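Values in this document were obtained by computation on a predicted structure and should not be read as measured data. No hydrogens, no waters, no symmetry mates; every other heavy atom, side chains included, goes into these values.
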Amino acid sequence: MEAQVDETRSVDETRPAGPAERGRGGSRTAGGPGRILVTVYAIFAVAACSRSAVQISTEFDHARLAYLLSAFAAVVYVVATVALARPGAAWHRVAVAACATELAGVLAVGTASVVDSAAFPDQAVWSNYGSGYLFIPVILPVLGLTWLRRSAARERVADRPARESANP
Amino acid sequence: MIDGLAAASIACALVAGVACLLQTWRDRAVGVGLLAAAGVVEAVLLAQVIAAIVVVARGSHADQPVNFVLYLIASVVALPVGVWWSLGDRSRWGSGVLGIACLAVAIIVVRLGQVWESTGGSTGG
């Protein structure tokens, strides 16, 4: 019984920010610089959602492909915002998938809009690599994926001493 | 729209945004000063909403009414949400969040003016 108590205490001491602490204090992904990332993603989620809702409900026939792609982008931004703000490994994987989808999307749609501009009579969020949005759509997923890699690496470092002392 | 109020809210939002980013750079968390600055910006934005309602009630209308109303709502919702999200991290990054929110408000107000008179609709009123 005493050995049990000692073990838990040593685990606590060698674990500066274990999963329980992270659960209370919010996720590491949404902390520090990640909080700014979530802010920008949230702005894009709101902007893309409302823009595509207005476009599809009022002038869908004008540029169907561009508006459908904008709606898809809106969904990706919402998923990325929620996943980046939430703690846990599962949300981390969702965030990586969302950022990767976003990067692939902005590169594919950006290239398509440059090659075949007739197919994009009206601006979509991702057309011309997001030039209508200060090119933030193409920068954001790169920053997102970089941040997710770094925060994952830090979590592994933080968890390692806890695992070693828990499994003698 | 009332150009003076729009210019004032853009200027206030930019000043507050730069102050927030300055505090981020100086490694300071959100304090009373930044919250007061955000409050001033929000007051000007609320005045703009009231002015917009009065102008529309007098018979003028935006060139893109749906977008205008959405941007108007976004202009007053952005800062309260930004303050809430920034206070979740009492470090320099909270100040950064508030700074981004202020810059977003400035962009929203610019867009607000564009959807009001994309063909010079308000010059007659």
Point to revise | Side chain, backbone, both or neither of B:Val66 within contact of chain A (heavy atoms, under 4.5 Å) | key: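 Contact with chain A involves the side chain of B:Val66 alone.
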Practice item. Under 4.5 Å heavy-atom distance to chain B, tell me which part of A:Ile43 shows up: side chain, backbone, both or neither. Key: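 The side chain, not the backbone.
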Nearest 0.5 Å, please: how far is [atom2] in [Y] from [atom1] in [X]?
X: B:Ile100; Y: A:Leu37; atom1: CD1; atom2: CG; answer: 10.0 Å
X: B:Asn67; Y: A:Arg51; atom1: CG; atom2: CZ; answer: 8.0 Å
X: A:Ser50; Y: B:Ile73; atom1: OG; atom2: CD1; answer: 10.0 Å

Check your understanding: Considering residues, nucleotides and ligands other than A:Arg150, do more than 12 of their heavy atoms fall under 6.0 Å from its CZ?
Key ->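 Count not over threshold, so no.
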Group every Ile, Leu, Val, Met, Phe, Trp and Tyr by side-chain heavy-atom contacts under 4.5 Å, then state whether [X] and [Y] land in the same group.
X: B:Phe68; Y: B:Ile10; answer: yes
X: B:Val18; Y: B:Val110; answer: no
X: B:Val83; Y: B:Leu22; answer: no
X: B:Val54; Y: B:Val76; answer: no

Check your understanding: How far apart are the closest heavy atoms of A:Arg35 and B:Asp89, and which atoms are they?
Key ->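 Scanning both residues, the minimum pair turns out to be CD-CB, 3.1 Å.
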